[in-house]
Amino acid sequence: MRRVLALVMFAWISSSAVRVAAGGLEYTGAGMQAVGRGGAVAARADDPMVLSYNPAGLAELRGNQILLGANVALMDACVDPIGYYGWGLYGGGSSAARLSGYGKTLDLNFGADQPGTADAYYTTPLDTVCMRQNVTPVPQLGFTFRLTERLGAGFGLIFPSQMPSGQWGGPNGLIDTPNGLRPAATRYMLMNTGSIGLFPTIGLGYRLAKWLRVGAAFEWGMYGVDLTNMTAAAGGGTNPKNDVISRTRVTDWFVPAVNASVHLVPIDALDIVAALRWSGDMQADGVLSLTTGVFDPRFVPRTTDERATLFWKLPWKLRGGIRYADRLAPR
């Protein structure tokens, strides 16, 4: 019955969730030059990364070029929550939880007539939770070449900017503190996040006139998403015995995107660029794993797998740039 209630509670929470949107921390742009220039590269067509920012710039590149690079972010992130562990904790009777992790075990008795370890748990301020980052290089590979004097082409694996990922607390949502094991205050928001992607890209750029270039690039996006967090079930509150670990692993093998741009050259020293990137939405299929009884001493943890689909609306991007620079050589 407890497992059924846990599944029903999780489904209710998921169906009644309020839609929110947020940005987050991410690389300033794809490619080494974009990172160094804070993303201000739309009007600077001088390497194969124009496939991502300004496909019309393929008509500007000289000769044949190859680019191989990688972005690596080293992130130090911590959350310092306000409050104490007793907030939202419902006790009474023989309510108990058993925390196990880091080679340690801590039994907590939350009944009103159970003094001792739980008393300190109720009044202890929430501890800082830090992320253990998954250090993952984001590579960029591109090759461009000229088909004619007016027509340029390119292809490669162009990875978009990504948000650094990692694990908050231990693998089961616990942290080890000077006061002993504690459930991380961030466990209901996020425990672990990781995603991978592969984006084969091909593009063409054409010079229609001395002052006008147009271009487009097609991306075949492939995404793999792995997210883990916790939810409270069968009674609510923040009693660890009610925690259910939720892990979502889904994959979408085809998310199309088109990047198109117009590149104006009114005079030889001036570049004006407008670009639009359209992306299809992700509809990733996979598995939702729910693990119950993780911290309840009365149960043996059990994992139930269900088929799942993650819908993710990917944003369109409108980009513009103006660059004025005296040229050392003619176009």
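Because the structure is a prediction, the values reported are computed rather than measured. Just so it is clear, the values below take in all heavy atoms, side chains as well, and ignore hydrogens, waters and symmetry mates.
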Step by step, would you call Trp316 with Leu314 a side-chain contact (heavy atoms from CB on, under 4.5 Å)? CA-CA 7 Å; Trp316 296 16; Leu314 298 175; over 6 Å; no
Are the side chain of Arg132 and the backbone of Gly169 linked by a donor-acceptor contact shorter than 3.5 Å? yes
Using the ring pair (Phe, Tyr, Trp, His ring centres under 6.0 Å) criterion, which residues pair with Phe145? Sequence neighbours excluded. Phe143
What residue among Thr201, Asn259, Leu67 forms side-chain contact (heavy atoms from CB on, under 4.5 Å) with Ile158? Thr201
Could you report the tightest heavy-atom contact between Pro55 and Gly215, atom names first, then the distance? CB-C, 3.7 Å
Determine whether Asn239 and Phe295 satisfy the following criterion, side-chain contact (heavy atoms from CB on, under 4.5 Å), listing intermediate values before the conclusion. CA-CA 9 Å; Asn239 191 329; Phe295 302 130; over 6 Å; no
Can a donor-acceptor pair be found, under 3.5 Å and without considering hydrogens, that links the side chain of Glu60 to the backbone of Arg62? no
How about Asp252 and Gln283: do any of their side-chain heavy atoms sit closer than 4.5 Å? yes
Nearest 0.5 Å, please: how far is CG in Leu108 from NZ in Lys241? 12.5 Å
Closest contact, heavy atoms only, Gly156 versus Leu51: N-CD1, 4.3 Å
Under 3.5 Å, is there a donor-acceptor pair between the Asn179 and Tyr121 side chains? no
With Tyr85, which residues qualify under side-chain hydrogen bond (donor to acceptor under 3.5 Å, both in side chains), at least two apart? Asp127
Would you please indicate yes or no on a ring centroid separation below 6.0 angstrom for Phe218 and Phe155? no
Heavy-atom pair of closest approach, residues Leu99 and Pro183: CD1-CD, 4.0 Å
Any side-chain heavy atom of Thr248 sitting closer than 4.5 Å to one from Val225? no
Donor-acceptor contact present, side-chain Thr231 to main-chain Val244, <3.5 Å: no
Working for side-chain contact (heavy atoms from CB on, under 4.5 Å), residues Asp243 and Ile245: CA-CA 7 Å; Asp243 287 346; Ile245 295 179; over 6 Å; no
Which atom of Ala43 lies closest to which atom of Asp271, heavy atoms considered: O-CB, 3.7 Å
Would a single hydrophobic cluster contain both Val258 and Leu198, if residues Ile, Leu, Val, Met, Phe, Trp and Tyr are joined by side-chain heavy-atom contacts under 4.5 Å? yes
Do the side chain of Gln133 and the main chain of Met75 share a donor and acceptor less than 3.5 angstrom apart? yes
Would you name the heavy atoms of Gly180 and Thr177 that are closest together and state the gap between them? O-OG1, 2.7 Å
Mark yes when over 12 heavy atoms from residues, nucleotides or ligands other than Ile267 sit less than 6.0 Å from its CD1; otherwise mark no. yes
Hydrogens and angles aside, do Ser289 and Arg249 bring a side-chain donor and acceptor to less than 3.5 Å of each other? yes
Checking Thr148 side chain against Leu151 main chain: does a donor-acceptor pair fall under 3.5 Å? yes
Side-chain donor/acceptor of Arg146 to backbone N/O of Leu61, under 3.5 Å: yes
With sequence neighbours excluded, tell me which residues meet ring pair (Phe, Tyr, Trp, His ring centres under 6.0 Å) with Trp220. Phe254
Kindly determine whether Met230 and Met191 satisfy side-chain contact (heavy atoms from CB on, under 4.5 Å), including the steps that lead there. CA-CA 7 Å; Met230 276 187 171; Met191 288 172 52; 3.4 Å; yes
Side-chain donor or acceptor of Arg150 paired with backbone N/O of Arg207 under 3.5 Å: yes
Do other residues, nucleotides or ligands put more than 12 heavy atoms under 6.0 Å from Asp281 CG? yes
Looking at Trp278, I'd like to know if its CH2 atom is crowded, meaning that more than 12 non-hydrogen atoms belonging to other residues, nucleotides or ligands lie closer than 6.0 Å. yes
So does Arg319 get a backbone contact from the side chain of Tyr53, meaning a donor-acceptor N/O pair under 3.5 Å? no
Residue pair Arg182 / Leu106, side-chain heavy-atom distance below 4.5 Å: yes
